[in-house]
Amino acid sequence: QVQLVESGGGLVQPGGSLRLSCAASGTIFSIHAMGWYRQAPGKERELVAASASGGEIVYADSVKGRFTISRDNAKRMVFLQMNSLKPEDTAVYYCTSSLYPTTRGPLQMFWGQGTQVTVSS
């Protein structure tokens with residue numbers, strides 16, 4: 001079964017940095033894209049960054065210039081380097097991946113359990 005596991009969250013002061021990691025495991029034929037969403041209490045989930053296997057990368061306007069997404073395809077991992085963190089970045093960050101579990105099966109999207117990022121003085 002496909003599983004995504006995040007790590008690297010924590011409590012940091014404004015202006016600090018964190019690096020989130022996510023590893024995909026299980027039965028996977030190929031990965032189409034990996035990315036990060038976040039959700040704060042009382043707010044809707046929003047896309048933070050995504051990286052497609054074809055090379056396309058997208059960032060939310062609110063994190064451009066501060067966050068960087070990267071992938072290690074051999075290890076089936078995705079990372080999110082977060083710099084110059086602001087209190088408004090506080091949220092649960094979810095790793096996500098769209099992938100093909102089998103050669104003939106449909107494209108499916110999977111989610112990690114989430115990791116808490118808190119930016120506070």
Side-chain angles (χ1 to χ4, degrees):
Q1 189 172 24
V2 176
Q3 188 173 25
L4 302 178
V5 180
E6 305 102 329
S7 63
L11 173 64
V12 297
Q13 294 182 332
S17 298
L18 283 175
R19 188 181 190 233
L20 305 183
S21 300
C22 174
S25 62
T27 303
I28 302 172
F29 176 71
S30 64
I31 296 177
H32 174 252
M34 300 188 78
W36 297 89
Y37 283 77
R38 68 184 181 187
Q39 187 168 26
K43 296 184 178 180
E44 294 185 352
R45 180 193 65 186
E46 64 174 344
L47 175 68
V48 178
S51 175
S53 295
E56 301 91 342
I57 296 176
V58 62
Y59 293 98
D61 289 338
S62 60
V63 307
K64 286 182 178 178
R66 299 189 297 119
F67 292 10
T68 302
I69 188 171
S70 60
R71 292 174 60 176
D72 186 331
N73 293 328
K75 297 180 179 179
R76 300 195 296 191
M77 296 186 70
V78 63
F79 309 91
L80 185 67
Q81 179 65 46
M82 304 185 294
N83 299 325
S84 302
L85 284 163
K86 305 174 181 179
E88 49 263 46
D89 295 318
T90 297
V92 176
Y93 285 70
Y94 296 93
C95 175
T96 185
S97 179
S98 56
L99 54 85
Y100 296 93
T102 65
T103 59
R104 299 178 63 85
L107 182 67
Q108 299 182 43
M109 193 170 187
F110 295 87
W111 297 85
Q113 294 258 315
T115 184
Q116 177 70 47
V117 172
T118 302
V119 185
S120 176
S121 298

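For the pair S21/M77, a side-chain contact is recorded, criterion being any heavy-atom separation below 4.5 Å from C-beta on. Annotation: side chain of P87 is in contact with side chain of P14 (closest heavy-atom distance under 4.5 Å). Between S53 and R71, some side-chain heavy-atom pair lies under the 4.5 Å cut-off.
Taken from OG1 in T96 to CD in E6, the straight-line distance is 9.5 Å, to the nearest 0.5 Å. Rounded to the nearest 0.5 Å, atoms SG (C22) and CD (Q113) are 11.5 Å apart. For the atom pair CD of Q116 and OG1 of T90, the computed distance is 7.5 Å after rounding to the nearest 0.5 Å. Taking OG from S25 and NZ from K75, the interatomic distance works out to 15.0 Å, rounded to the nearest 0.5 Å.
Closest approach of A52 and A33 over heavy atoms only: CA-CB, 3.8 Å. Heavy-atom minimum distance, Y100 versus G105: CD2-O, 3.6 Å. For R45 against Q39, the heavy-atom pair with the smallest separation is N-NE2, 3.7 Å. Minimum heavy-atom separation, S84 to S17: N-OG, 4.3 Å.
Within a 6.0 Å radius of CD in E88, more than 12 heavy atoms belonging to other residues, nucleotides or ligands are found.
Hydrophobic clustering of Ile, Leu, Val, Met, Phe, Trp and Tyr side chains at less than 4.5 Å, counting indirect connections, unites V92 with M109. No single ILVMFWY cluster, assembled from side-chain heavy atoms under 4.5 Å apart, contains both V5 and F79.
Other members of the hydrophobic cluster containing L20, listed by chain and number, are V2, L4, V12, L18, I28, I31, M34, W36, V48, I57, Y59, V63, F67, I69, V78, L80, M82, L85, Y93, L99, F110, V117, V119; membership follows side-chain contacts under 4.5 Å among ILVMFWY residues, whether direct or relayed.
Contact check on K64 versus D61 returns a salt bridge, with a Lys/Arg side-chain nitrogen under 4.0 Å from an Asp/Glu carboxylate oxygen.
Every residue meeting the side-chain hydrogen bond (donor to acceptor under 3.5 Å, both in side chains) condition with E46, not counting sequence neighbours, appears here in chain and number order: R38.
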